[in-house]
Amino acid sequence: TQLPLTKSSDTFRLVSVGALRKGKNYLYLIEAFKKIDHHNIVLDIYGEGPEKENLQLAIDQAKLPFVLKGQVNNIHEILTQYDLFVMPSMFEGFSLSVLEAMAVQLPLLLSDIPSFREQCADTAVYFNLNDPADFAIQLNHLMLDKIFREQLAFAAKQRVINNFTLAHHMQGLNNIYEEVLGNQ
């Protein structure tokens, strides 16, 4: 299966989805992008929140190719227009945004936090939140290796199919009920 790309240029397109609040850690991406040659790279951030003005100011001051896109209802359709999904969260529960990216076969570059590791296992590349240069290194590797990106994306979609479908969830609930009721 090929990674669905509908790009119209040589620009490497990054996307992030989440509320614009401190825990999502978008300021980390600003610091990381200061360490890379970001010409031919853009980052679109979808979401709204209390940090919008501060984030826009930081983006403008650093002169970065980031665009705050606001809230949308069809993110699963929009995600297919990108090359890589990034998420710099400091903490996260089970992320629906990450799940949607996995489901549309978009490769993932995520902060190295336990919830992302649990959700994605070896189907994502992780970066150190204490070192913005690590993000730059991982991004560069992914940009240069399209085959690796495609392998990650395919593995992520398979992980969704194998672990996060409604049928899988219902079977897990059924197993719990059978165990509880069987022990009475």
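In what follows, residues are counted from 1 in the order of the sequence shown.
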Here the gap from R159 atom CZ to F154 atom CZ, rounded to the nearest 0.5 Å, amounts to 14.5 Å
L84 and L64: same hydrophobic cluster, using ILVMFWY side-chain contacts below 4.5 Å? yes
Rounded distance [0.5 Å steps], CG in D44 versus NZ in K69: 4.5 Å
Non-neighbouring partners of Y46 that pass side-chain hydrogen bond (donor to acceptor under 3.5 Å, both in side chains), sequence neighbours left out: Y82
Shortest non-hydrogen pair, L109 vs Q138, comes out as CD1-CB, 3.6 Å
Could you tell me the separation between the CG atom of L27 and the CD1 atom of I59, rounded to the nearest 0.5 Å? 8.5 Å
Looking at side-chain heavy atoms only, is the closest gap between R149 and L152 below 4.5 Å? no
Residues P88 and F127: closest non-hydrogen pair is CA-CZ, 3.7 Å
To the nearest 0.5 Å, how far apart are CG in L108 and CE in M102? 6.5 Å
Could you tell me which non-hydrogen atom of Y28 sits nearest to which non-hydrogen atom of N128, and how far apart they are? OH-O, 2.8 Å
Can you see which heavy atom on K24 is nearest to which on G18, and at what distance? CE-CA, 4.2 Å
Parallel, tilted or perpendicular, as decided by the 30° and 60° cut-offs, for the rings of F135 and F33: tilted
Throw together a table of side-chain donor-acceptor distances under 3.5 angstrom for residues 116-123, partners on residues two or more places apart or in other chains.
residue, atom, partner, partner atom, Å
R117, NE, D112, OD1, 2.7
R117, NH2, D112, OD1, 3.4
R117, NH2, D112, OD2, 3.1
Q119, OE1, S95, N, 3.0
Q119, NE2, S95, O, 2.9
T123, OG1, C120, O, 2.6

So with a 6.0 Å cut-off around CD1 of I147, is the heavy-atom count from everything else above 12? no
When rounded to the nearest 0.5 Å, the distance separating CD1 of I30 from CG of L55 is 5.0 Å
Under 4.5 Å between side-chain heavy atoms, hopping through other hydrophobics if needed: is there a path connecting F12 to V67? no
Minimum-distance pair of heavy atoms, taken over all atoms of A136 and I36: CB-CG2, 3.8 Å
